[in-house]
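Notes for the one structure printed next.
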Amino acid sequence: MMESTPESNGSVNDGNHNRPTPAIHGPTNPMVTPLLTDLYQFTMAYAYWKAGKHNDRAVFDLYFRRNPFGGEYTVFAGLEECIRFIANFKLSKEEISFVRECLSPTCEDAFFDYLGGINCSDVEVYAIAEGSVVFPKVPLMRIEGPVAVVQLLETPFVNLINFASLVTTNAARHRFVAGKNKLLLEFGLRRAQGPDGGVGASRYCYMGGFDATSNCAAGKLFGIPLRGTHSHAFVSSFTGPDEITEKSLQSRDGSRVCNNFVDLTLMWLNKLKGLSSSEGVFGETNQSELAAFISYALAFPDNFLALVDTYDVMRSGIPNFCAVALALNDMGYIAKGIRLDSGDLAYLSCEARKFFHTIEKELRVCGFGKIGITASNDLNEETLDALNKQGHEVDSFGIGTNLVTCFSQPALGCVFKLVEINNQPRIKLSEDVSKVSIPCKKRSFRLYGKEGYALVDIMSGENEPPPKEGQRILCRHPFNESKRAYVVPQHVEELMKCYWPGSADKAREDLPTLEQIREHCMKQLERMRTDHMRRLNPTPYKVSVSAKLYEFIHFLWLNEAPVGELQ
């Protein structure tokens with residue numbers, strides 16, 4: 001895999017847009033080549049070439065029709081990988097030979113010579129910034145260029161945007177339910193759809209608001225913070241404290257050494273039995289679990305976080321953890337916390353917190369009541385919402401399967417539609433109105449109200465005057481005649497900018513770093529009204545067209561639709 005830095009010399013978006021920038025690395029995943037496409041893209045390319053249409057100037061929109069997960073917003077992701085792909089698009093001799101084998105033997109040799117000369121120097125890509133909140137029908141990307149070349153980009157572009165946007169949206173939804181102050185950890189690698197699904201999910205979950213991942217490969221590739229401690233197997237692999245041979249621990253400041261950390265821990269365990277809150281809660285704890293905790297603390301005294309539900313959380317896991325944490329405290333270390341991976345997470349987290357507070361109060365250990373509590377165990381939006389309603393003391397959530405696999409909706413459903421060719425607008429009609437495309441080359445704007453929240457997105461023809469702040473504009477539903485409203489925007493934001501002008505040497509938008517995209521995503525989500533964001537019955541966000549574009553859509557619709565005849 002390639003390094004994750006967008007620009008080859010490590011440059012990032014510093015606010016100086018539209019200036020020449022250096023060459024761009026290839027796609028992160030080496031599987032993303034010109035052959036990562038559907039066969040019909042090559043059959044169409046040959047048919048275009050055979051008809052002499054291959055250089056016709058085409059404009060395609062990439063967009064989606066419905067927001068995922070029953071919500072009313074989506075987060076756009078995957079743009080960087082599309083630009084990496086297009087910047088390095090070139091079919092090798094081996095790839096062309098393979099295409100020749102796949103097509104009919106009647107295909108002319110000159111077509112394969114044509115394929116060998118294809119690049120994207122005559123293609124332009126305009127897009128909404130990656131990490132932006134986006135809505136159905138509004139183009140995420142506009143691709144302009146020779147029709148045969150742009151068709152070869154369709155499948156890889158849709159592939160790169162679909163999963164990335166879906167996972168980023170899923171992560172953002174989990175962040176919204178969890179709240180801003182909770183630590184969210186992505187633990188999904190082992191159950192992701194293969195290595196690419198795992199690495200991609202880690203990247204886009206971080207973009208959507210998660211704080212860290214367990215995925216080491218993603219950490220190396222993208223600089224995402226890593227988190228992880230131990231499993232139940234580590235706990236159950238021990239039989240008791242007697243098998244601990246190296247028992248010494250140097251204090252954090254290096255000034256002294258505890259020669260028998262096991263005995264120090266056992267002393268604290270006995271003291272815990274005398275606490276007011278311990279009576280009747282625990283007697284003899286599981287000694288193999290205690291041995292595991294001690295061993296892990298000796299290995300990582302400055303990063304001790306224990307999985308406490310292998311045997312019994314309150315009768316064994318919590319007191320064993322606390323004994324080790326108090327022994328570490330004697331040596332100048334502060335334990336990180338516990339992880340709960342089963343049971344009633346709301347109840348157990350509250351009981352654990354009470355126990356921590358009791359220790360702080362009765363044993364006078366400052367700050368012990370604030371020890372971190374992490375919860376895992378097949379969490380999703382629904383369980384996070386339920387925990388919030390029940391009341392809990394969890395500080396961090398480790399979320400895996402439901403997050404990275406997008407269990408509640410497996411695909412976003414992006415489409416790639418021709419909207420103009422040789423300056424002639426084109427429309428795709430359907431009996432299902434939601435599948436009717438919006439023709440012609442367009443500009444897109446987001447209009448903001450007095451409180452700073454986004455009110456509506458509006459599309460207009462390329463040559464129409466843009467909306468202006470403080471100026472009333474009529475916003476119309478693309479297909480429903482009765483749905484219309486006047487808006488006086490307090491701020492107008494043009495959504496699409498040029499990310500690929502045909503060459504990396506020409507002026508274009510810089511590709512931001514992952515951290516910058518993540519920050520942009522968080523700011524975008526903050527500018528949305530909460531009723532658009534909520535899990536249940538969210539308010540639909542309005543997507544509209546200008547009055548002039550509305551009239552043109554319906555003129556073209558009537559012009560292209562065949563007229564029936566009654567017999």
Side-chain angles (χ1 to χ4, degrees), residues 62-79 128 130-138 140 158-180 182 184-188 191-193 197-198 200-211 213 376-389 397-415 432 434-435 453-454 457 517-518 520-522 524-543:
L62 189 155
Y63 60 96
F64 61 97
R65 297 187 177 114
R66 293 184 184 86
N67 289 302
F69 311 117
E72 288 296 340
Y73 70 96
T74 302
V75 179
F76 175 43
L79 174 62
I128 298 174
E130 188 162 9
S132 296
V133 176
V134 291
F135 302 96
K137 289 291 186 182
V138 179
L140 307 177
V158 172
N159 177 273
L160 290 168
I161 297 300
N162 256 320
F163 179 69
S165 299
L166 190 71
V167 174
T168 307
T169 305
N170 203 18
R173 291 176 62 86
H174 281 77
R175 166 56 71 192
F176 181 77
V177 176
K180 295 180 181 179
K182 300 301 181 184
L184 293 184
L185 313 172
E186 178 269 309
F187 286 171
R191 293 182 185 166
Q193 280 95 340
S202 297
R203 176 186 191 177
Y204 294 115
C205 285
Y206 185 68
M207 186 183 294
F210 272 60
D211 298 290
T213 180
S376 48
N377 186 31
D378 284 335
L379 300 178
N380 56 28
E381 274 188 82
E382 187 177 352
T383 52
L384 292 180
D385 191 40
L387 285 169
N388 289 339
K389 291 173 180 176
F397 293 100
I399 308 175
T401 307
N402 291 288
L403 174 68
V404 303
T405 64
C406 297
F407 186 80
S408 59
Q409 181 173 328
L412 177 58
C414 286
V415 294
D432 181 352
S434 69
K435 292 188 175 184
Y453 293 119
D457 283 8
I517 298 171
R518 183 178 188 272
H520 173 68
C521 179
M522 297 302 100
Q524 283 270 297
L525 292 166
E526 288 173 3
R527 299 188 75 178
M528 298 305 301
R529 291 202 326 247
T530 54
D531 59 310
H532 295 309
M533 311 280 290
R534 63 192 178 206
R535 274 191 69 242
L536 298 177
N537 302 316
T539 304
Y541 181 83
K542 293 178 175 61
V543 172

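Arg518 places a side-chain N or O within donor-acceptor distance of the main-chain N or O of Tyr206, the cut-off being under 3.5 Å. Remark: side-chain polar atoms of Thr168 are not paired, donor with acceptor, to backbone N or O of Ser165 under 3.5 angstrom. No donor-acceptor pair under 3.5 Å is formed between the side chain of Ser376 and the backbone N or O of Gly398. The closest donor-acceptor contact from the side chain of Gln524 to the backbone of Ser132 lies at 3.5 Å or more, if one exists at all. In this structure, Glu186 contributes its side chain and Ala201 its backbone to no donor-acceptor pair below 3.5 Å.
A distance below 6.0 Å separates the ring centres of Tyr541 and His532.
Listed here is the closest heavy atom pair of Val158 and Cys414: CG1-O, 3.8 Å. Annotation for Val167 and Cys205: closest pair CG1-SG, 3.6 Å, computed over non-hydrogen atoms. Of all the heavy atoms in Val75 and Thr169, the pair that sits closest is N-OG1, 2.8 Å. In terms of heavy atoms, Gln409 sits closest to Ala411 at NE2-O, 2.8 Å. Of all non-hydrogen atoms in Ala77 and Met207, the two that sit nearest each other are CB-SD, 3.8 Å. In terms of heavy atoms, Leu184 sits closest to Ala178 at CD2-CB, 3.8 Å.
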Using the side-chain contact (heavy atoms from CB on, under 4.5 Å) rule, take Glu381 and Phe176 through it: C-alpha gap first, then chi angles, then the decisive distance, then the call. CA-CA 9 Å; Glu381 274 188 82; Phe176 181 77; over 6 Å; no
Go through Leu384 and Phe397 one step at a time and tell me if the side-chain contact (heavy atoms from CB on, under 4.5 Å) criterion holds. CA-CA 9 Å; Leu384 292 180; Phe397 293 100; 3.5 Å; yes
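Atom CD of residue Glu130 and atom CG of residue Leu140 lie 11.0 Å apart, to the nearest 0.5 angstrom. Going from atom CG of Leu79 over to atom CD1 of Ile517 covers 8.0 Å, rounded to the nearest 0.5 Å. For the atom pair CZ of Phe163 and CG of Leu412, the computed distance is 12.0 Å after rounding to the nearest 0.5 Å.
Under the side chain to side chain donor-acceptor pair (under 3.5 Å) criterion, Asp432 pairs with Ser434, not counting sequence neighbours.
Heavy atoms of other residues, nucleotides or ligands lying less than 6.0 angstrom from CD of Glu382 number 12 at most. Within 6.0 Å of NZ in Lys542 there are 12 or fewer heavy atoms belonging to other residues, nucleotides or ligands. Applying the 6.0 Å contact sphere to CZ of Arg66 captures no more than 12 heavy atoms from other residues, nucleotides or ligands.
You'll find the side chain of Phe64 reaches within 4.5 Å of the side chain of Thr74, heavy atoms only. A 4.5 Å side-chain heavy-atom check between Val138 and Ile128 finds at least one atom pair inside the cut-off. Contact annotation: the side chain of Thr539 never approaches that of Glu72 to less than 4.5 Å [non-hydrogen atoms, C-beta and beyond]. Here the side chains of Met533 and Tyr73 are in contact, with some heavy-atom distance below 4.5 Å. Counting heavy atoms from C-beta on, the side chains of Tyr63 and Val415 come closer than 4.5 Å. Taking 4.5 Å as the limit, every side-chain heavy atom of Thr213 sits out of range of all side-chain heavy atoms of Phe187.
In summary, Asp211 and Arg175 engage in a salt bridge, as defined by a charged side-chain N under 4.0 Å from a carboxylate O. A salt bridge is defined here as a Lys NZ or Arg NE, NH1 or NH2 lying under 4.0 Å from an Asp or Glu carboxylate O, and Asp385 with Arg535 meets this definition.
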Let me check something: any side-chain donor-acceptor pairs from residues 399-408 under 3.5 Å, sequence neighbours excluded? List them with distances.
unit_1, atom_1, unit_2, atom_2, d
Thr401, OG1, Arg191, NH1, 3.2
Asn402, ND2, Leu379, O, 3.4
Thr405, OG1, Thr401, O, 2.5

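Seen from the ring of Phe69, Arg173 does not count as a face-on cation partner, given the 6.0 Å and 45° thresholds.
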